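Data block below; observations after.
Sequence positions, counted from 1, serve as the residue numbers for this chain. The shown structure was predicted, so the numbers you read here are calculated from the model rather than taken from an experiment.
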Amino acid sequence: MSFVRSRKLSSMLLFPLLFACLMRASKGGNFFQDFDITWGDQRAKILNGGQLLTLSLDKASGSGFQSKNEYLFGRIDMQIKLVAGNSAGTVTAYYLSSQGSTHDEIDFEFLGNATGEPYILHTNVFSQGKGNREQQFYLWFDPTKAFHAYSIVWNQQRIIFLVDNIPIRVFHNLESIGVPFPNKQAMRIHSSLWDADDWATRGGLVKTDWTQAPFTASYRNFKANACIWSPASPCTSTSPNSVQDNAWQVQALDAPGRNRLRWVQQKYMIYNYCTDLKRFPQGLPPECKRSRFL
């Protein structure tokens, strides 16, 4: 069941940039066609005719990949099965990012833990090079037993983070009150599996157990309904897709979605920068004054 809704079609006229986008939908995705392996030598592998990608980490190196395309707004879906067993010290990162010191970025990071202890899902939003907008969650399932869907909806009004189509976080466009929002820089999809045992698990107290290596994370069913940007075609061609495919352009949370967001944040959120008064003694960031359940 979807917990996002579309506003009336007439409201779409307010967003001509989006309707000028070149849209493509990757149905089930093919990793050979959609991604490049960027580091890790043979530790990253594309299998099953392009339907499965695996990243591995050993003591010598981790591995990673990035999308061939850059995107400027869209809905990105990926199914991931995380490192099983004792994953302490490891980080599986899955995110959108542009380049440079003033880059934009939308992050999922999965922080490993000792066997039997829960993963931490770390989220963040960077705009114009500034992040520090962390929210962290436990998951309500074991993310190592099966594939689960992790999705980013990014439009002019908001960014929605979803897990198995359940919203866990919304970051609104509040440029009207001076909060930068990622809306001008195209971003690639990146993912990597790497060693961060100096901070990832209990602040670095629990180190990576290399006797358990290689550590492996798996990916499948990539799908992008998104504006594909290129210098020759910077999101200016008329979309060939239907309004149904383009629903992400005006997606917001409906009442059931807000209820699910509230459920996740009340039961599974373990850190929220918007409540960290010690970190912001001069006052919380301005976006924190808005209800996070809207």
Checklist outcome for this item: From the list Glu105, Gln185, Arg188, His103, side chain to side chain donor-acceptor pair (under 3.5 Å) partner of Ser98 resolves to Gln185

Can [X] and [Y] be counted as an ion pair, charged N to O under 4.0 angstrom?
{"X": "Arg279", "Y": "Glu134", "answer": "yes"}
{"X": "Asp77", "Y": "Arg75", "answer": "yes"}
{"X": "Asp58", "Y": "Arg43", "answer": "yes"}

Checklist entry - Going by the angle between their ring planes, with limits at 30° and 60°, are Phe65 and Tyr219 parallel, tilted or perpendicular? => result perpendicular

Checklist entry - Leu47: which other cluster members, linking ILVMFWY side chains closer than 4.5 Å, directly or transitively? => result Leu52, Phe147

Next on the checklist: Would you compute the distance between atom CD of Gln265 and atom CZ of Phe137 and round it to the nearest 0.5 angstrom?
Outcome noted: 5.0 Å

Next on the checklist: Quiz question: by atom type and distance under 3.5 Å, do the side chains of Asn86 and Gln212 form a donor-acceptor pair?
Outcome noted: no

Contacts under 3.5 angstrom, residues 89-97 side chains, donor-acceptor by atom type, not counting sequence neighbours:
unit_1, atom_1, unit_2, atom_2, d
Thr90, OG1, Ser87, O, 2.7
Tyr94, OH, Tyr150, O, 3.1

May I ask you to check whether [Y] and [X] place their ring centres under 6.0 Å from each other?
{"X": "Phe35", "Y": "Phe222", "result": "yes"}
{"X": "Trp140", "Y": "Trp263", "result": "yes"}
{"X": "Tyr119", "Y": "Phe110", "result": "no"}

Item to check | Side-chain donor/acceptor of Asn173 to backbone N/O of Arg158, under 3.5 Å | outcome: no

Checklist entry - So Glu175 and Lys184, salt bridge (charged side-chain N to carboxylate O under 4.0 Å, His left out) or not? Walk me through it. => result CA-CA 13 Å; Glu175 288 183 309; Lys184 297 177 179 66; 3.7 Å; yes

